[in-house]
Amino acid sequence: MTEKTRQMKILCIGAGYVGGPTMAVIASQCPDIKVTVVDINPERIARWNSERLPIYEPGLDEVVRSARGRNLFFSTDIEAGIRESDMIFVSVNTPTKMFGTGAGMAADLQYWEKTARQIRECSNTPKIIVEKSTLPVKTAQAMKRIFDAGNHKTRFTVLSNPEFLAEGTAVNDLKHPDRVLIGSDTSPAGIRARESLVDIYARWVDRDRILTTNIWSSELSKLVANAFLAQRISSVNAISALCEKTDADIAEVTRAVGMDSRLGSKFLNASVGFGGSCFKKDILNLVYLCRYYGLNEVADYWEGVIRINEYQKERFVVNMLGNMFHTLSGKRICLLGFAFKAHTGDTRESPGIYIAKRLMEERAKLVVTDPEALENARFELQGVEGDVCYTEDPYAATDGCDAVALMTEWPQYAALDFDRIFRSMAQPAFIFDGRNILDHAKLYTIGFNVFPIGKPALTHFHDEPSIGG
Ligand SMILES: NC(=O)c1ccc[n+]([C@@H]2O[C@H](COP(=O)([O-])OP(=O)(O)OC[C@H]3O[C@@H](n4cnc5c(N)ncnc54)[C@H](O)[C@@H]3O)[C@@H](O)[C@H]2O)c1
Ligand SMILES: O=c1ccn([C@@H]2O[C@H](COP(=O)(O)OP(=O)(O)O[C@H]3O[C@H](CO)[C@@H](O)[C@H](O)[C@H]3O)[C@@H](O)[C@H]2O)c(=O)[nH]1
């Protein structure tokens with residue numbers, strides 16, 4: 001093949017929730033580009049090559065099937081992948097560091113750095129390196145320093161291209177993104193690399209949605225986007241506590257507030273708290289960066305978003321305890337849903353984890369149910385002391401329970417036969433709706449004592465709750 005007709009080869013290192021779907025969509029949109037996704041985890045790669053993908057994501061099976069074996073490949077041969085590629089996306093995990101300096105705050109960059117060194121060692125031809133993982137601002141500089149130290153065989157150009165997909169809607173988000181952000185330096189090589197990445201996305205994304213910025217703005221924008229989104233939920237959840245004290249209704253308040261076009265109506269649902277692998281970790285990372293630069297007031301401000309989220313989860317438990325006569329000991333409680341949001345099997349940082357642990361601390365007997373997340377739920381709660389069992393059938397899960405705590409807004413939960421559930425439960429029966437998706441008036445009519453978030457409770461008790469321990 002001549003240089004002109006040579007097939008472009010993309011490699012993605014990290015076959016997780018981001019690497020897998022992102023590359024599947026690129027491969028399906030660009031049949032002439034060879035896309036290979038590699039990972040150090042052979043089981044994950046085997047699942048990507050099987051009929052049962054390692055993650056549940058609506059629409060993903062079809063996209064993977066359309067391209068796998070044609071121009072989309074999953075492999076554990078990282079070195080070969082690096083050698084043959086022109087462009088390498090780095091999509092490894094960047095969790096919160098749990099040791100040493102910055103423990104509990106900073107991003108743990110060990111996976112990312114190992115990858116950078118491996119790329120350097122295995123490269124003989126020029127590479128464009130694309131940061132897909134969420135990284136602290138200035139990581140591209142560190143990456144370039146690693147590449148430039150000791151490899152005189154070839155040239156590396158680093159771009160930042162953070163990913164904004166949300167789980168549960170990943171395929172749609174990737175096919176129809178609000179924007180694609182690409183950061184580069186302004187050297188001729190930087191601009192050329194940036195344009196080649198723009199050209200890939202432009203196959204299916206309008207050019208006016210493809211933003212190009214300097215590399216530091218791009219890295220920082222990802223952290224800021226997540227901080228703003230999480231801040232919105234913490235703002236609503238903080239007000240939900242005030243609503244419960246004042247008989248205001250959070251749904252009415254957010255509707256009124258969200259109709260202001262300057263604010264907008266999306267992402268204003270009160271909840272038991274936000275979860276997911278990104279919000280907490282990325283805000284902690286932002287807070288750490290602010291403290292590193294001596295901006296303590298700014299750090300405190302953003303830390304407040306996380307504090308309110310912790311408060312909201314604890315408030316939910318305290319509310320259950322207070323309304324169930326100040327003891328949960330020996331009571332059977334169903335956690336309806338365990339994924340951190342609907343339409344995913346992911347349980348990372350799910351509020352269900354905290355609630356489950358606290359309820360077990362109160363010696364409740366838990367029954368966990370979820371349509372997609374039971375395997376992960378078992379993993380999250382393994383080794384936790386207490387009485388917990390798992391079942392996929394929500395009717396079996398609620399059978400004999402004293403209370404149901406709805407954790408995940410799966411639409412099928414709103415459609416359950418609550419007459420049947422009520423009849424099978426211990427009396428008095430309680431429902432704590434951590435997502436406000438149920439028909440509260442109807443549940444009350446059936447006989448439940450209903451506790452939504454940020455709305456007046458509907459109970460069949462006509463006296464004030466007793467003050468207990
Ligand atoms: N999950 C999301 O919705 C989401 C969205 C946007 C951005 N992000 C960011 O994308 C990055 C990846 O997130 P994720 O959710 O896909 O993580 P993940 O844990 O699902 O996947 C990361 C993968 O990288 C692999 N890996 C780690 N070190 C490796 C190495 N040296 N060589 C090869 N493979 C290696 C792991 O085995 C794992 O399979 C993170 O920085 C995250 O913050 C995540
Ligand atoms: O009004 C709302 C909206 C969301 N949530 C909760 O917030 C969490 C996060 O939800 P969401 O943002 O939809 O899912 P993620 O997959 O975590 O996506 C976020 O994190 C990703 C990783 O960085 C980014 O790419 C996305 O843009 C960003 O939305 C979940 O627990 C939701 O239930 C609420 O409680 N109320």
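- Here the closest heavy-atom approach between residue P456 and residue A248 is recorded as CD-O, 3.9 Å.
- Between E361 and R358, at least one side-chain N (NZ, or NE/NH1/NH2) sits under 4.0 Å from a carboxylate O, which counts as a salt bridge.
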For this session: Give the C-alpha distance, both sets of side-chain angles, the deciding distance and a yes or no for side-chain contact (heavy atoms from CB on, under 4.5 Å) between L72 and V37.
Result: CA-CA 8 Å; L72 174 65; V37 191; 4.2 Å; yes
For this session: Determine, stepwise, if the pair E380 / T347 fulfils side chain to side chain donor-acceptor pair (under 3.5 Å).
Result: CA-CA 8 Å; E380 300 284 3; T347 56; 2.9 Å; yes
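- Residues M320 and L359 meet the side-chain proximity criterion, which asks for heavy atoms closer than 4.5 Å.
- Scanning all heavy atoms of the two residues, the minimum distance from K281 to P95 falls at CD-CA, 3.9 Å.
- Because its NZ or CZ atom is not both nearer than 6.0 Å to the ring centre of F274 and within 45° of the ring axis, K280 does not count as a cation-pi partner of that residue.
- You'll find the ring centres of H460 and Y444 inside the 6.0 Å limit.
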Problem set entry | Evaluation steps, salt bridge (charged side-chain N to carboxylate O under 4.0 Å, His left out), between K222 and E219 | CA-CA 6 Å; K222 173 64 198 179; E219 288 178 335; over 6 Å; no
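- Nearest heavy atoms, S271 versus N237: N-OD1, 2.9 Å.
- Summarising the local packing, CD of E297 is surrounded by 12 or fewer heavy atoms from other residues, nucleotides or ligands at distances under 6.0 Å.
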For this session: Evaluate side chain to side chain donor-acceptor pair (under 3.5 Å) for S217 paired with N214, printing each intermediate quantity in order.
Result: CA-CA 6 Å; S217 307; N214 86 36; 3.2 Å; yes
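- Annotation for F379: atom CZ does not count as buried by contact number, only 12 or fewer foreign heavy atoms lying within 6.0 Å.
- A salt bridge is defined here as a Lys NZ or Arg NE, NH1 or NH2 lying under 4.0 Å from an Asp or Glu carboxylate O, and R348 with E167 meets this definition.
- Looking at R291 and N296, their side chains do bring a donor and an acceptor atom within 3.5 Å of each other.
- Between the side chains of K132 and N161, at least one donor N or O sits under 3.5 Å from an acceptor N or O.
- In the displayed structure, Y292 atom OH is contacted under 6.0 Å by at most 12 heavy atoms of other residues, nucleotides or ligands.
- Proximity of a side-chain donor or acceptor of E163 to a complementary backbone N or O of S133 within less than 3.5 Å is not detected.
- In this structure the side chain of I431 never reaches within 4.5 angstrom of the side chain of N449, judged on heavy atoms.
- Taken to the nearest 0.5 Å, the SG atom of C389 stands 11.5 Å off from the CG atom of L381.
- Residues I128 and L197 have side chains not in contact (no heavy-atom distance under 4.5 Å, counting atoms from C-beta outward).
- Proximity of R194 to D185: side-chain heavy atoms (C-beta onward) are nowhere separated by under 4.5 Å.
- A donor and an acceptor atom, one from each side chain of Y354 and E349, are nowhere located under 3.5 Å apart.
- Atoms OG1 and CG, on T157 and L159 in that order, are 7.0 Å from each other to the nearest 0.5 Å.
- Proximity of the aromatic rings of W302 and F228 is defined here by a centroid distance below 6.0 angstrom, and this criterion is met.
- When all heavy atoms of F338 and A356 are compared, the closest pair comes out as CE1-CB, 4.2 Å.
- Side chain of T139 to backbone of L135: no donor-acceptor contact under 3.5 angstrom is found.
- In summary, the side chains of S240 and Q312 do present a donor paired with an acceptor at a separation below 3.5 Å, with no hydrogens or angles considered.
- Of all heavy-atom pairs spanning P177 and R209, the tightest one is O-CD, 3.5 Å.
- The closest donor-acceptor contact from the side chain of R232 to the backbone of K266 lies under 3.5 Å.
- The CG atom of D399 sits 8.5 Å away from atom CZ of R420, with the distance rounded to the nearest 0.5 Å.
- Ionic pairing of R332 and D402 is not present here: no N-O contact between side-chain nitrogen and carboxylate oxygen is shorter than 4.0 angstrom.
- Proximity of a side-chain donor or acceptor of T344 to a complementary backbone N or O of F340 within less than 3.5 Å is not detected.
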For this session: Could you walk me through whether N93 and W112 pass the side chain to side chain donor-acceptor pair (under 3.5 Å) test, one step at a time?
Result: CA-CA 8 Å; N93 39 329; W112 163 84; over 6 Å; no
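- Annotation: cation-pi pair R68/F74 absent, no NZ/CZ under 6.0 Å from the ring centroid and within 45° of its normal.
- Separation of the F422 and F448 ring centroids falls under the 6.0 Å cut-off.
- Atom CG of D173 and atom CG of D178 lie 7.5 Å apart (nearest 0.5 Å).
- For D249 and R255, the salt-bridge test fails: no basic side-chain N is under 4.0 Å from an acidic carboxylate O.
- Put simply, OG on S160 and CG on L181 are 6.0 Å apart, with the number rounded to the nearest 0.5 Å.
- By the 4.5 Å heavy-atom criterion applied to side chains, N285 and M105 are not counted as neighbours.
- Remark: K175 fails to qualify as a cation-pi partner of W204 under the 6.0 Å distance and 45° angle criteria applied to the six-membered ring.
- Classified by interplanar angle (parallel below 30°, tilted 30° to 60°, perpendicular above 60°), the ring pair F267/F279 is perpendicular.
- Salt-bridge annotation for D199 and R207: present, with a side-chain N of the basic residue lying under 4.0 Å from a carboxylate O of the acidic one.
- The structure places OH of Y395 at 11.0 Å from OG1 of T369, a figure rounded to the nearest 0.5 Å.
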Problem set entry | Residue pair D108, Q110: steps toward the side chain to side chain donor-acceptor pair (under 3.5 Å) verdict | CA-CA 6 Å; D108 185 346; Q110 59 171 312; 3.1 Å; yes
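- Using a cut-off of 4.0 Å between Lys/Arg side-chain N and Asp/Glu carboxylate O, E244 and R315 are scored as salt-bridged.
- The side-chain contact (heavy atoms from CB on, under 4.5 Å) test with S85 singles out one residue from I10, V38, L11, and that residue is L11.
- A salt bridge does not link E375 to R378: none of the charged side-chain nitrogens sits closer than 4.0 Å to a carboxylate oxygen.
- For the pair R435 (side chain) and M407 (backbone), a donor-acceptor distance under 3.5 Å is present.
- Summarising the geometry of A140 relative to I215, their closest heavy-atom pair is CB-CD1, 3.5 Å, with the distance given to 0.1 Å.
- No donor-acceptor pair under 3.5 Å is formed between the side chain of E303 and the backbone N or O of V287.
- Under the 4.5 Å side-chain criterion, counting only non-hydrogen atoms from C-beta, I129 is not in contact with K144.
- In this structure, the side chain of D346 does not engage the main chain of A339 through any donor-acceptor pair within 3.5 Å.
- Contact check for T459 versus F430: no side-chain heavy atoms found under the 4.5 Å cut-off.
- Using a 4.5 Å heavy-atom threshold, the side chains of L335 and V367 count as separate.
- For the pair S50 (side chain) and R47 (backbone), a donor-acceptor distance under 3.5 Å is present.
- Of the possible donor and acceptor atoms, one in the side chain of D433 sits under 3.5 Å from a partner among the backbone N and O of L438.
- Within the 3.5 Å criterion, the main-chain N or O of G352 finds a donor-acceptor partner in the side chain of S350.
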